[in-house]
Amino acid sequence: MTIEAPEKPRDFIREIVEEDLAAGRTQRVITRFPPEPNGYLHIGHAKSICLNFGIANEYNGQCNLRFDDTNPTKEEVEFTESIKRDVAWLGFSWGENLLHASDYFAQLYTWGEELINAGKAYVDSSSADEMRAMRGTLTEPGTDSPHRSRSIEENLDLFRRMRAGEFPDGAQVLRAKIDMASPNINMRDPVLYRIRHKSHDRTGDAWPIYPMYDYAHPLSDAIEGITHSLCTLEYEDHRPLYDWLIEDVSVPSRPRQYEFARLNLSYTVMSKRKLLGLVTEGHVHGWDDPRMPTIAGLRRRGYTPSSIRNFCERVGVAKRENVIDAGLIEFSIREDLNRIAPRVMGVLDPLRVVIDNYPAGDTEWFDTPNHVDDPSLGTRRVPFAKTILIEREDFLEDPPKKFFRLAPGREVRLRSAYFITCTNVVKDDAGNIVELHATYDPATRGGDSPDGRKPKATLHWVAADHAIDCEVRLYDRLFKSENPEESGNFLDDLNPQSLQVVQAAKLEPSVRGAQPQSRFQFERLGYFCVDSDSTPDRLVFNRTVTLKDAWAKTAK
RNA sequence: UGGGGAGUCGCCAAGCGGUAAGGCAGCGGCCUUUGGAGCCGCCACUCGGAGGUUCGAAUCCUCCCUCCCCAGCCA
């Protein structure tokens, strides 16, 4: 028996975790995923979820789901429900550890008084404008607030009265007393608490003051015993403040913050503000519109949890700014669906083919595998008859050299059925092709010729009289350019063709009754997923992703 | 201009002083009852640039260049 070499950590964060574990600095790793419930989770969050929960799983630790609900003016319960659903759907479990920053409001308040008593925080009665003016600029130091030197007693009294609701919104703030001349603007006496007379989803009207992220986050981490607090690059500048609070408050543990680069995907936007705009301004049909990069959108589109996890794994974790090629997530879903999706035949843009030498009124049922490469998925029966429908683009009257599909006089294979040869093209007065005539070779029943003939193409098809009608929604990238954020208004870059609806696609009857979220490969076309808009008598499909199309490439 | 980060193949990403992993994309070929899948092969004499240290540098030092983030009582 051979002993596997220990797998080396996949990224710099796991490397740090392993060192901490090995050195005994960490007994058991505890991470957290800390969403603010002010929007739906997107693929960028999936990266963070996979990192935080992934590390907890790999090192036998724990990952808390902690809602960063410190700003009741922006947060809604609808979002907290969607977040829980999305994390669970991705395949991760927080166990008992569904937590909220608001659970710690009392402790956080007490620590506020502690800082005041230590002379490390003060109540400032300046207006927001005045504070901005005193903050200085990137190159010039700020100036001390006139209230900076209030006595501990006065600060305590003011802070208690803030807490008691005696002041209107914006009248006072609690600030850390650090250094108004710090080159790091986050250290110029950052605001710790602000007044908001707004009821909170979880604490109701108990608090007229709410802690800022910079204050609540490190302390919440410490309360939960988080060992590695993982966040994105823009918080790098906040780390000195994070550490300052951990040092200067009597917290029960010593978490450390590490930053990694957020995920960006080409041809889409990732900021919650922009995604919110797409939803509220009606550019898409909701947060779960299949064109959205949200977890809910990807789910409805037909993405699988494992394809998203694999994608995040492939993307890696580093500190370098990045824009991931949209092709990579498409590769990940194709890879998964190729393995698991049963195959079925459907025609999106039908062209009638009448097989002249086939007996009228006959119907044959062919057994065909649900997955050519995986017999365990079984077989199904598909009906064949005199009039069939093929994909319009599979016929060309005057085919170019490398076009292998049907053409006048040419023989092709109909998947699992017969070889047919096109004998005649019927056109309307305008010259449009309306119907094809063909003959079939009875000896090729099942799709193989006893004489070893090999047609260059195999087409998908459905029997006209047995096909069921359904709606198919074809999606394209939401934006026209690779980086829509780059130039001016991202809305100007919206792709007007991002959704194309096929009202009367024709599918083989075996799909009848398929339930929402069922996924299929429509042979030669792509992967499709039953949409929740489906009704018992009308199925609606979303095209998750096309198949790779070598012909499209050579045709160009 | 102050502070904090980052620059390795078209896009990601390993590399931690011993002579450039891997994935995606791309390009050839084999195979194929999906122009799919699968299989095989090719794809960085070079690591933002210039100096230096060293037997040896993507890795260490110096200077320079480029890009990203920070002036919310948002997170």
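To find a chain, count down the sequence lines: A is the first, B the second, and so on, and within it residues start at 1. The shown structure was predicted, so the numbers you read here are calculated from the model rather than taken from an experiment.
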*Indicate syn or anti for C45(B), taking the glycosidic torsion and treating anything within 90° of 0 as syn.*
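Syn, since the glycosidic angle lies within 90° of 0.
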*Can G38(B) be described as syn, meaning its chi torsion is within 90° of 0, or is it anti?*
anti
Plane angle bin for [Y] and [X] - parallel if under 30°, tilted between 30 and 60°, otherwise perpendicular:
{"X": "Tyr210(A)", "Y": "His200(A)", "result": "parallel"}
{"X": "Tyr40(A)", "Y": "Trp287(A)", "result": "parallel"}
{"X": "Tyr440(A)", "Y": "Tyr418(A)", "result": "perpendicular"}
{"X": "His100(A)", "Y": "Phe67(A)", "result": "parallel"}

Distance between [atom1] atoms of [N] and [M] (Å, rounded):
{"N": "U34(B)", "M": "U8(B)", "atom1": "C1'", "result": "39 Å"}
{"N": "A14(B)", "M": "C47(B)", "atom1": "C1'", "result": "13 Å"}
{"N": "C27(B)", "M": "G18(B)", "atom1": "C1'", "result": "33 Å"}
{"N": "G5(B)", "M": "U62(B)", "atom1": "P", "result": "16 Å"}
{"N": "U32(B)", "M": "C43(B)", "atom1": "P", "result": "28 Å"}
{"N": "U66(B)", "M": "G52(B)", "atom1": "P", "result": "23 Å"}
{"N": "A37(B)", "M": "G4(B)", "atom1": "C1'", "result": "48 Å"}
{"N": "G29(B)", "M": "A21(B)", "atom1": "C1'", "result": "25 Å"}

Could you check whether [X] gets within reach of a base, just the sugar-phosphate, or nothing at all, counting any heavy atom under 4.0 Å?
{"X": "Val412(A)", "answer": "nothing"}
{"X": "Val372(A)", "answer": "base"}
{"X": "Ile324(A)", "answer": "sugar-phosphate"}
{"X": "Phe366(A)", "answer": "nothing"}
{"X": "Arg343(A)", "answer": "base"}
{"X": "Gln521(A)", "answer": "base"}
{"X": "Asn322(A)", "answer": "sugar-phosphate"}

*What's the verdict on side-chain hydrogen bond (donor to acceptor under 3.5 Å, both in side chains) for Ser332(A) and Asn310(A), showing C-alpha distance, side-chain angles and the deciding distance?*
CA-CA 7 Å; Ser332(A) 298; Asn310(A) 289 154; over 6 Å; no
*Indicate yes or no: at least one non-hydrogen side-chain atom of Pro190(A) is less than 4.5 angstrom from one of His238(A).*
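A side-chain contact is absent here, since even the closest heavy-atom pair is not under 4.5 Å.
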*Just to confirm, is there a sub-4.0 Å distance from OP1 or OP2 of G35(B) to any side-chain nitrogen or oxygen of Arg524(A)?*
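Checking Arg524(A) against G35(B): at least one side-chain N or O falls below 4.0 Å of OP1 or OP2.
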Salt-bridge contact [X]-[Y] (side-chain N to carboxylate O under 4.0 Å):
{"X": "Arg314(A)", "Y": "Glu335(A)", "answer": "yes"}
{"X": "Asp103(A)", "Y": "Arg202(A)", "answer": "yes"}
{"X": "Asp394(A)", "Y": "Arg524(A)", "answer": "yes"}

For nucleotides 26-31 of chain B, which of its nitrogen or oxygen atoms have a protein nitrogen or oxygen under 3.5 Å away, and what is each distance?
from: G26(B); atom 1: OP1; to: Lys553(A); atom 2: NZ; distance (Å): 2.5

*asked:* So if I define the base as every atom that isn't primed, P, OP1 or OP2, how would nucleotides 68-75 of chain B read as a B/S/- string at a heavy-atom cutoff under 4.0 Å?
replied: SBBBSBBB
_Could you check, using the six-membered ring where one of them is a Trp, whether His460(A) and Phe522(A) have ring centers closer than 6.0 angstrom?_
no
*For this output row, return yes or no: ring centroids of Phe384(A) and Trp461(A) closer than 6.0 angstrom.*
yes
Complementary nucleotide of [N], counting Watson-Crick and G-U pairs under 3.5 Å:
{"N": "C24(B)", "value": "G10(B)"}
{"N": "A44(B)", "value": "none"}
{"N": "C74(B)", "value": "none"}
{"N": "G36(B)", "value": "none"}

Enumerate all atom pairs, one protein N or O and one N or O from nucleotides 8-10 of chain B, separated by less than 3.5 Å.
from: U8(B); atom 1: O4; to: Arg320(A); atom 2: NH2; distance (Å): 3.2

Just how far, in rounded Å, is [atom2] of [N] from [atom1] of [X]?
{"X": "His371(A)", "N": "U32(B)", "atom1": "NE2", "atom2": "C1'", "result": "13 Å"}
{"X": "Glu523(A)", "N": "A37(B)", "atom1": "CD", "atom2": "P", "result": "13 Å"}
{"X": "Lys454(A)", "N": "G35(B)", "atom1": "NZ", "atom2": "P", "result": "14 Å"}
{"X": "Gln257(A)", "N": "G4(B)", "atom1": "CD", "atom2": "P", "result": "16 Å"}
{"X": "Glu393(A)", "N": "G35(B)", "atom1": "CD", "atom2": "P", "result": "11 Å"}
{"X": "Arg415(A)", "N": "G36(B)", "atom1": "CZ", "atom2": "P", "result": "13 Å"}
{"X": "Asn264(A)", "N": "C24(B)", "atom1": "CG", "atom2": "P", "result": "22 Å"}
{"X": "Ile333(A)", "N": "G36(B)", "atom1": "CD1", "atom2": "C1'", "result": "15 Å"}

*Cut-off 3.5 Å, side chains only: do Ser82(A) and Asp86(A) have a donor facing an acceptor?*
no
*Any side-chain donor paired with an acceptor under 3.5 Å for Asn184(A) and Ser182(A)?*
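No pair is found: no donor N or O on one side chain lies under 3.5 Å from an acceptor on the other.
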*For Arg262(A), does the CZ atom sit with more than 12 other heavy atoms under 6.0 Å from it, leaving out its own atoms?*
no
*Take Arg175(A) and His147(A) through the side-chain contact (heavy atoms from CB on, under 4.5 Å) test and state the conclusion after the steps.*
CA-CA 10 Å; Arg175(A) 290 231 253 173; His147(A) 310 111; over 6 Å; no
*Nearest-nucleotide wise, let me know which of Phe331(A) and Ala261(A) is further upstream toward the 5' end of RNA chain B.*
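Upstream on the strand: Ala261(A).
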_Determine whether a donor-acceptor pair (one donor, one acceptor, N or O, separation below 3.5 Å) exists between the side chain of Glu15(A) and the base of C16(B)._
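Side chain to base: pair present.
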